[in-house]
Amino acid sequence: MIEGEDLKPRDDAASLRKDIVEKLFFELAKFPDVATRNDYYLALAYAVRDRLLFRWINSSRTYYTGKHRSVIYLSAEYLIGPQLGASLLTLGLEESAKAALAAQGVDLADLIEHEEEPGLGNGGLGRLAACYMDSLATLDLPAVGHGLRYEFGIFDQDIRDGWQVERTDRWLRRGNPWEVRRYEIEHTVGFGGWVDHVTDEHGKYTARWIPAQIVKGVPYDTTVPGYGTQTTNFLRLWSAVADEEFDLDAFQVGEYWRAVDQKIRSENLTKVLYPNDSSPAGKQLRLEQQFFFVSCALQDCIRLLLQRAPIRDFADKFAVQLNDTHPALAVPELMRLLIDIHGLGWDEAWDQVRRCVAYTNHTLLPEALETWPLPLMQRLLPRHIEIIYEINRRFLDEVAVKWPGDHERAARMSIIGEHGDKQVRMAHLATVASHHINGVAALHSRLLKETVLRDFAELWPERFTNVTNGVTPRRFVALSNPKLTDLITDAIGDGWIKNLDKLADLEKHADDRGFQEKWRAVKHRNKVELANWLDKTYGLKFDPSALFDAQCKRIHEYKRQHLNLLHAIALFDRIRRGEDDGVTRTIVFAGKAAPAYRTAKLIIRLAHGVADAINADERARERLRVVFIPDFNVKTAQRIYPAADLSEQISTAGMEASGTGNMKFTLNGALTIGTLDGANVEIRECVGAEHFFLFGLTAEQVTERKRTGYRPYIHLAEDQELSRAIDLITSGLFSPGDRGLYAPLVDNLVHQDPFLVLADFRSYVDTQRDVGNAWQAQAGWTKSSILNSARAGKFSSDRSISEYAKTIWRVQPVKLK
Ligand code: NBG
């Protein structure tokens, strides 16, 4: 008999080389002499995948017989990044792979570079989901991430004449070697139609939903290996295909086109990711996507559960986490499945939901809180809307008991919003159903309780908690910053990769001149590499000895890239006026704008305008550069963090829920200039106020300014440097031939300034002067840089996931057999 162990792939270079050539032959039908770079990439990826599958099968076998509870992570987005390098790191295969390929005359680095990442997310929220999957596996926690397999992920960003231009992301065009399609699993998902209410011969009332349209969901699985453990979990992404049985009637009456049209429409469901960052699109297709994937996920959980346990064990077996409100339809869908399909009564079903569902909120911005028009939801999900109404009725009874006669409060709390057109408020639905509701940083969780969910926090204070975000040190240090990794590991051993608090051992080296020297050399080398890559790829130039000042994130007014630009313009203006503080700076931007977000796109245009004007000025360009790196994604992010000296975290206080880029920069030794917003607050607490450049109004002061009537133009009168910067924009210096180009941006700043850019300008620019001074005292700067890394242990996603596991999910690690 063949046993699993007999199949175990061997990891030495010779075995791996044989496997690669075998994959070339038998998967790709190529012999080495004619194999392209993509062929070699795929062959290596398949060989690596075999090793991942081997681990995965062992995990699945353990889970299959176990009695543990698993995490079901529901997220509409996962930004997992390129897989090859990360898999080699986890499997400890880098050296063998390098040698195996070298023997074939192929360069590993070239194949890693070749890989195109699946951009199945917009930004922080999707990347957080990916970091969490990594930590779940690393901590041996059984978990499945469910999501959508978009055929086109987030658009690729080109820059033409300084403008963002979007290109479709055809990430699947060269094949995706990392996924496994599961042909044996499929679930049907209904839309539209009507509901029959029947009372059977035993007097039992039942509802039966007769959908008008049926779509099939099929899963594609991607392994998620844990680091330093054999545990391997998986991500299950659902893809929509047409339901043949349904199409058949149309065929029978000869309506070929109707049948085909139906098929095309079904398959459109998972075609494309909505490219909005923290602001919902309100489109029917988006609602369909949300329902589609949670329905598939829950049906899949029930399928697995019923193989071994009765339906009543659902909540004991699964902890269902809603990553923002995008998967909130899981609440009525689970109710429907339990009641209509599996015969539970309302109370029993609600008890199951309440014991397994928890909700993470990721934003306070009112415009970003999801609501769906009631008529749309009624038409698309007639049974679910009945269930939502019943949940709401019972919930409002509870509110009336606590606050009798307080109709205003009841209206505020209702799941159905009655202002103007009726809406379903997804955050309320998620909150009412969840045993825990958490924000993503201490400040955010506090503001959540004080503002958007205040009434709920008064009703159920015990349900509210905080879990500050974290990032995986595997991808964002060990993989992306190998030189720093070696330096740290030489100094303190490699335990920090799995236990990031161990970075604290670096503190004792912070004053050591020799260590500082090496630390600085690593940063410098990383900058040189980035500079070479930028020059080669985009012809963009910067001086690696300059202070590398970086703001990399989605472009949004609340994140205030335009505040950063006003500073750049002020520096340019100073240089032109003959003031020189002796600091050479490169100010780097990277990030995508939502395609319909005009102001964000104009900010990108301004960044290019400023960059061009500086470049054209011989004196200025020696001191100052503005560089916009196109197409920010996980792959480019991995190049930027290791090279950064200064991390820009300058959102209006109270607006950024947490931020996670801030953590990635800190871990890689960048110092932060930032407001007291999101996780910046905790980063500053950890690294120490003297190693953090704080500026700006606090969240409370921001609220107060707005309450008392904020008038931005008074700052123009008070601050000459500010008014000159604004004048330079309107002068046309940054838009030759079109003076009015930035008028919408400038008018908005001067007259409305909803994000208090002008109010924070002086404080920001003065603090940037402190940055410049600190930079010139190299030893002090390097010491701060070391301490930033050393004290950032808290920001590991392993810490976040341990907190979720203990306080929210009540799940235990499972050791593999
Ligand atoms: C984003 C916040 C970030 C936060 C990430 C991850 C949404 C809705 N929110 O501040 O803007 O870091 O979520 O929690 O995308």
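Whatever order the structure lists ligands and atoms in, that order sets their numbers, starting from 1.
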*Asks:* State which residues pass side chain to side chain contact (heavy atoms under 4.5 Å, CB included) with Glu288; sequence neighbours excluded, sorted by chain then number.
*Replies:* Phe191, Leu269, Gln284, Leu285, Leu380
*Asks:* Which residue pairs pass the salt bridge (Lys or Arg N to Asp or Glu O under 4.0 Å) test with at least one member in residues 437-449, sequence neighbours excluded?
*Replies:* Arg446-Glu450, Arg446-Glu700
*Asks:* Using the ring centroid of each side chain, check whether His384 and Phe291 are separated by less than 6.0 Å.
*Replies:* yes
*Asks:* Would you mind writing out a table of all protein N or O atoms found under 3.5 Å from any N or O atom of ligand 1, naming both atoms and giving the distance to 0.1 Å?
*Replies:*
from, atom 1, to, atom 2, distance (Å)
ligand 1, 9 (N), His362, O, 2.9
ligand 1, 10 (O), Glu656, OE2, 2.6
ligand 1, 10 (O), Ala657, N, 3.4
ligand 1, 10 (O), Ser658, N, 3.1
ligand 1, 10 (O), Gly659, N, 3.1
ligand 1, 11 (O), Tyr558, OH, 3.3
ligand 1, 11 (O), Glu656, OE2, 3.1
ligand 1, 12 (O), Gly659, N, 2.8
ligand 1, 14 (O), His362, ND1, 2.6
ligand 1, 14 (O), Asn469, OD1, 2.8

*Asks:* Can you list every pair that meets side chain to side chain donor-acceptor pair (under 3.5 Å) and has a residue in residues 429-438, with sequence neighbours left out?
*Replies:* Thr360-Asn438, Asn438-Tyr804
*Asks:* Taking the six-membered ring for Trp, are Phe628 and Phe589 parallel (under 30°), tilted (30 to 60°) or perpendicular (over 60°)?
*Replies:* parallel
*Asks:* Identify whether the distance between the nearest side-chain nitrogen and carboxylate oxygen of Arg474 and Asp134 falls below 4.0 Å.
*Replies:* yes
